[in-house]
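In this text the structure is predicted, and so the values were computed from the model without any measurement.
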Amino acid sequence: MVAKQAATLDVLSAGRFSLGVGIGWSAEEFAALGVPFAGHGRRAEEYLAAMRVLWSEDPASCAGEFTRFDAIRGNPKPLRGGRLPVVVGGDSDAALHRAVTLADGWYGFGFPAADVRRASPSSPRSAPGTVALSTS
């Protein structure tokens, strides 16, 4: 559902939409939804991977620990060749790691810009310096 909503917003905004994601920190919120808090980082990473498959493949298939679908069609597709920019939010080293390895940008809070380099690993998917950073 989120993949379809995000792609629809991208189409409606003529390709200017970026999806912001955060994985959450409150175990109580997960409990209220009946979703285990343990493994929430892995779950978010897999959901993001599944959305990217839905945006780029037709038909799309995904089989993971938390997500499973086979040969489904998801439309509309994002306007930038099946790719939608994703910005990860968070103030932890894990959030910054996800931003560098899985996303296109990072929105940090309570995380001084000067400290970004200490927590940012080299990204296997992009050249250094290609992740957009925003702090407040």
Side-chain angles (χ1 to χ4, degrees):
M1 181 63 98
V2 173
K4 184 177 189 77
Q5 291 171 335
T8 299
L9 288 170
D10 189 59
V11 169
L12 291 173
S13 68
R16 297 181 313 236
F17 182 76
S18 295
L19 177 65
V21 297
I23 67 165
W25 59 270
S26 172
E28 292 81 10
E29 291 174 345
F30 283 80
L33 296 171
V35 176
F37 184 73
H40 71 290
R42 287 190 333 272
R43 180 183 304 271
E45 291 168 4
E46 185 175 308
Y47 286 173
L48 179 55
M51 285 189 282
R52 291 191 189 249
V53 167
L54 286 165
W55 294 330
S56 63
E57 297 179 16
D58 194 23
S61 297
C62 182
E65 180 180 357
F66 306 104
T67 317
R68 185 172 310 276
F69 50 87
D70 186 43
I72 66 170
R73 297 195 187 283
N75 288 296
K77 301 289 188 207
L79 295 181
R80 288 162 275 194
R83 179 128 176 93
L84 192 63
V86 174
V87 177
V88 171
D91 62 351
S92 67
D93 288 352
L96 187 53
H97 183 269
R98 282 186 191 92
V100 171
T101 58
L102 301 174
D104 304 290
W106 171 68
Y107 179 79
F109 44 92
F111 205 128
D115 291 346
V116 170
R117 288 196 190 272
R118 77 170 169 80
S120 58
S122 296
S123 172
R125 65 166 194 81
S126 62
T130 60
V131 173
L133 302 177
S134 176
T135 63
S136 63

Minimum heavy-atom separation for G89 to A95, with atom names? O-CB, 3.8 Å
Hydrophobic cluster identity match, V11 and L9, side-chain contacts under 4.5 Å: no
Hey, does the side chain of W106 reach the backbone of G90 with a donor-acceptor pair shorter than 3.5 angstrom? yes
With no hydrogens and no angle check, is any side-chain donor or acceptor of K4 less than 3.5 Å from a backbone partner on N75? yes
Using the test side-chain contact (heavy atoms from CB on, under 4.5 Å), find all partners of A44 that sit at least two apart in sequence or belong to another chain. I23
I need the full list of salt bridge (charged side-chain N to carboxylate O under 4.0 Å, His left out) pairs touching residues 5-27, with sequence neighbours left out, sorted by first then second residue. D10-R80
By side chain to side chain donor-acceptor pair (under 3.5 Å), which residues pair with R73, not counting sequence neighbours? D58
Determine the minimum heavy-atom distance between K77 and E57, stating which atoms define it. NZ-O, 3.0 Å
If hydrophobic clusters are built from ILVMFWY residues whose side chains come within less than 4.5 Å, do L102 and W25 share one? no
Does any non-hydrogen side-chain atom of S92 lie less than 4.5 Å from one of H97? no
Could you tell me which residues satisfy side-chain contact (heavy atoms from CB on, under 4.5 Å) with E65, sequence neighbours excluded, listed by chain and number? R42, E46
For E29, what residues pass the salt bridge (Lys or Arg N to Asp or Glu O under 4.0 Å) criterion, not counting sequence neighbours? none
Quick one: side chain to side chain donor-acceptor pair (under 3.5 Å) partners of D70, sequence neighbours excluded? S61
Test item: V86 and V21 side chains (from C-beta on) under 4.5 Å apart, heavy atoms: yes
Listed once per pair and sorted, the ring-ring contact (aromatic ring centres under 6.0 Å, His included) pairs that draw on residues 44-93, sequence neighbours left out: none
So CG of L12 and CD of Q5: to nearest 0.5 Å the spacing works out to 12.0 Å
N/O donor-acceptor pair under 3.5 Å between D104 side chain and V87 backbone: no
Passing option when F17 is tested against T8, L84, L79 for side chain to side chain contact (heavy atoms under 4.5 Å, CB included): L84
Going from OG on S56 to CE on M51, what distance comes out if it is rounded to the nearest 0.5 angstrom? 12.5 Å
Co-membership, hydrophobic cluster, residues L54 and L48, 4.5 Å side-chain: no
Give me the other members of the hydrophobic cluster that L33 sits in, counting Ile, Leu, Val, Met, Phe, Trp and Tyr linked by side-chain heavy atoms under 4.5 Å, directly or via other members. F30, V35, F37
